[in-house]
There are 2 protein chains.
Amino acid sequence: MSALPPLTSIRAFEAVARHLSFTRAAEELGMTQAAVSYQIRILEERVGAPLFLRRPRQIALSETGARLAPDVTKAFDTLRETFADSRGLVDGMLSISSVPTFASHWLAANIGLFQLANPEIAVRVEASPHLVDFGTEEFDVAIRATSRLQDGLVWHLLLKAEFAPMLSPRLVEQYQVREPADLLRVPQITPDDPWLYAWLELAGVSVPPTPDRPFSRLGAQNLEAAAAIAGRGLAMVTPAFYADDVASGRLVRPFDITGWDGHGYYLTYPEARRNSPKIKAFRDWIVPATEGLRSSQGRSE
Amino acid sequence: MSALPPLTSIRAFEAVARHLSFTRAAEELGMTQAAVSYQIRILEERVGAPLFLRRPRQIALSETGARLAPDVTKAFDTLRETFADSRGLVDGMLSISSVPTFASHWLAANIGLFQLANPEIAVRVEASPHLVDFGTEEFDVAIRATSRLQDGLVWHLLLKAEFAPMLSPRLVEQYQVREPADLLRVPQITPDDPWLYAWLELAGVSVPPTPDRPFSRLGAQNLEAAAAIAGRGLAMVTPAFYADDVASGRLVRPFDITGWDGHGYYLTYPEARRNSPKIKAFRDWIVPATEGLRSSQGRSE
DNA sequence: AGCATGCATAAGGAGATTTGATCCATGTCT
DNA sequence: AGACATGGATCAAATCTCCTTATGCATGCT
């Protein structure tokens, strides 16, 4: 592998060869004529022969220079084109990894607005409970449900992972749900759901001591909610995601009381990429767009 | 003209992409792994996306990296090939500009030995009295007759531009040339030749005051000598160049006295190119090869 | 478990690169 | 012709990139 001459000097040569002028090359490269002169001298010493013939008011390529120039320009054209394209590739595709709950209950319905506002950005959403590692996987941003904000990443709270009991209208009727304590009579979709006990306590209902096992349904409320709609029991879910179902009557939220255990749905991405245009565009769209979710603490109407 | 990312970082990327290893790329580039890591980081920030996926014991190209790598490698291959070839082009052809006298009387006869010793170097000799300007014309070295050693160039004395009277055997006979003063009776090829008067003075002959006009036959003794051989008169020439003619009897050098006015035949080339292999080779050949010309001060036998 | 491999990071410094001022030669304009 | 404009070369000084050393961290192998 033969060592190349200093690349800076090659770039200078390429520009000078195209312009046949040190001064104009310097302008293009954003440096002074003196610097170009220096770089050409470096390269001439490395190559071992003059690259230009210094004529009074102009320069000409020497035999050696003429031999080198076309190929060098070709190489630089390739590089310029390649990196120009990369900008399109990089800026033109936004890759989002989202927890399934958020993906299906909010993103799917709203992402169209982002695409409308940013038609030049293609969007790829991957819904997975898996916590992406930006170093290992190729995602630009992620939407995660968590309470621990990892260092090195930027975090924007989109929505608190609040929870409230919900069930089908039929069950409300069947079990005569009038006050929080009544819920204990309703079959639970997830038995011994810690969220339920936490919520009951908040509602002033004394509950049997719970196993207090680690637990999180964050990002996987879909099945829970689907079962509740089907009338199979009581589900603890995040109200904001089911405003539609409540509005349409498929689901009933019998009490305005809302529990919260500190978890939240966050938009996150590597600090280093904070200024990437597409990430900026997405952040500047989704944070205001979820504003409503954050402020409506009580029942969504 | 879109500005390219730092070329150093592109080169690092190219090497890493080929090796799929920071460490091995660093070895190839002759730097440390830390430096490569730094360069890749730079480029990733510029491109706006990771170029490699950091997996436990190895790295993989990201989508972006994979898109860039082939073209970047192509560009660098072009550059490597181009500059590798240039070495051949540059080192393989030695361009000599020589004053005609030296070219025809010494170089023509001896350059074959140089080519024998350096078969990989093609030689082009241009005989011209014109003093080349290395900045404007494409010559590697020049052989000039001068007394003023210009700055910025390296000068090697090959031969002092001495002079002595010579004439054909017939004229020696005809004019009864026995001692220096006798030469005044012989027709001069160049009338009032300053070299003749200088030489006569040196030989102890008082001469009429000379016009003392600027004069130099340096590098154009050919015609002078040819006329002398043809018997048309007395010529002042550099003995070293006509040893053959004297030996063969075509020309007679009647006196051992040698004049010198400070001029010399020099090999010269730009200081900056002092280390060019072919120039080095030529210098290392011609300086010893002309050793004999310099040391034999008197008549050549 | 302990070691080897491979990349990331921080601080510091050496060196390359750039600049700014100036010089020089030549062509052009009045 | 003389003054000016153009284009490159040169030098010293300031700058800033780039590299190295040292170290940390995660992972896979023995």
Side-chain angles (χ1 to χ4, degrees), chain A residues 3-13 15-46 50-62 65 131 133-137 150-153 270-273, chain B residues 3-13 15-17 19-46 50-62 65 133-137 150-153 270-273:
Chain A
L4 283 173
L7 292 169
T8 331
S9 68
I10 300 183
R11 173 175 45 195
F13 167 70
V16 174
R18 263 186 296 112
H19 291 295
L20 284 182
S21 157
F22 284 36
T23 308
R24 266 170 290 161
E27 278 165 21
E28 174 184 314
L29 298 172
M31 53 197 207
T32 59
Q33 171 266 320
V36 172
S37 178
Y38 169 82
Q39 293 296 343
I40 297 298
R41 161 181 294 274
I42 294 291
L43 188 57
E44 288 181 329
E45 275 167 16
R46 259 305 274 277
L51 297 169
F52 298 98
L53 304 178
R54 277 72 168 177
R55 303 269 174 66
R57 304 257 298 186
Q58 63 176 3
I59 55 174
L61 281 161
S62 74
L131 266 59
D133 170 357
F134 290 108
T136 309
E137 289 152 286
Q150 185 182 330
D151 274 358
L153 302 179
E271 269 174 8
R273 303 195 56 201
Chain B
L4 283 173
L7 292 169
T8 332
S9 68
I10 300 183
R11 173 174 46 196
F13 168 70
V16 174
H19 291 295
L20 284 182
S21 157
F22 284 35
T23 308
R24 267 170 289 160
E27 279 165 19
E28 173 184 315
L29 297 172
M31 53 197 207
T32 60
Q33 170 268 319
V36 173
S37 177
Y38 168 81
Q39 292 297 341
I40 297 299
R41 160 181 294 273
I42 295 289
L43 187 58
E44 288 181 329
E45 274 168 16
R46 260 305 275 277
L51 297 168
F52 298 98
L53 304 179
R54 277 71 166 179
R55 303 268 173 65
R57 306 257 297 186
Q58 65 175 6
I59 56 174
L61 281 162
S62 74
D133 170 357
F134 290 108
T136 308
E137 290 152 285
Q150 184 182 330
D151 274 358
L153 302 178
E271 269 174 9
R273 303 197 54 202

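The sequence lines fix the lettering, A, B, ..., with proteins before strands; numbering per chain opens at 1.
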Q.
If you compare every side-chain N and O of Ser37(B) against the phosphate oxygens of dC7(C) (OP1, OP2), does one of them come in below 4.0 Å?
A. no

Q: Please confirm whether the backbone N or O of Ala12(A) pairs with a side-chain atom of Gln39(A), one donor and one acceptor, at under 3.5 Å?
A: no

Q: Please state whether the rings of Phe13(A) and Phe52(A) are parallel, tilted or perpendicular, taking 30° and 60° as the class boundaries.
A: tilted

Q) Please walk me through it: do Arg11(A) and Leu29(A) pass side-chain contact (heavy atoms from CB on, under 4.5 Å)? A) CA-CA 9 Å; Arg11(A) 173 175 45 195; Leu29(A) 298 172; 3.9 Å; yes

Between the protein and nucleotides 2-5 of chain C, which nitrogen or oxygen pairs are less than 3.5 angstrom apart?
| residue | atom | partner | partner atom | Å |
| --- | --- | --- | --- | --- |
| dT5(C) | O4' | Arg57(B) | NH1 | 3.1 |
| dT5(C) | O2 | Arg57(B) | NH1 | 3.2 |

Q: Check the distance between dA9(D)'s P and Glu271(B)'s CD and give it to me in whole angstrom.
A: 17 Å

Under 3.5 Å between N/O atoms: give me all the protein pairs with nucleotides 18-23 of chain D, atom names plus distance.
| residue | atom | partner | partner atom | Å |
| --- | --- | --- | --- | --- |
| dC18(D) | OP1 | Thr8(B) | OG1 | 3.1 |
| dC19(D) | OP2 | Gln39(B) | NE2 | 2.6 |
| dT20(D) | OP2 | Thr32(B) | N | 2.6 |
| dT20(D) | OP2 | Thr32(B) | OG1 | 2.9 |

Q. How would you list, by chain and number, every residue that makes a side chain to side chain donor-acceptor pair (under 3.5 Å) with Glu137(B), sequence neighbours excluded?
A. His130(B)

**Q.** Arg46(A) to Pro6(A) - nearest heavy-atom pair and separation
**A.** NH1-CD, 3.9 Å

Q: Round to a whole Å and report the spacing from CZ of Phe22(B) to P of dC25(D).
A: 19 Å

Q. Glu45(B) CD to dA8(C) P: how many Å, rounded?
A. 12 Å

Q: May I ask you to verify if any side-chain N or O of Ser21(A) is less than 4.0 angstrom from the OP1 or OP2 atom of dG7(D)?
A: no

Q | Between dG8(D) (C1') and Phe13(A) (CZ): distance, integer Å | A | 17 Å

Q) Think Arg41(A) has a side-chain N or O under 4.0 angstrom from the OP1 or OP2 of dA9(D)? A) no

Q) Is the backbone of Phe22(A) close enough, under 3.5 Å, to the side chain of Gln33(A) for a donor and an acceptor to pair up by distance? A) no

Q) Between atom CD1 in Ile59(B) and atom C1' in dA26(D), what is the gap in whole Å? A) 16 Å

Q. Can you check whether Ile42(A)'s main-chain N or O pairs, donor with acceptor, with Ser9(A)'s side chain at less than 3.5 Å?
A. no

Q) Which whole-number value in Å describes the distance from His19(B) NE2 to dG6(C) P? A) 13 Å

Q) Hey, is the side chain of Arg54(A) poking within less than 4.0 Å of OP1 or OP2 on dA9(D), counting only N and O atoms? A) yes

(Q) From CG of Asp133(B) over to P of dA25(C), roughly how many Å is that when rounded to an integer? (A) 12 Å

(Q) I need the CZ-P distance between Arg24(B) and dG6(C), as an integer number of Å. (A) 7 Å

Q) Between Leu43(B) and Pro5(B), which heavy-atom pair has the shortest distance, and what is it? A) CD1-CB, 3.4 Å

Q: Determine, for Glu28(A) against Arg24(A), whether the closest basic-nitrogen to carboxylate-oxygen distance falls under 4.0 angstrom.
A: no

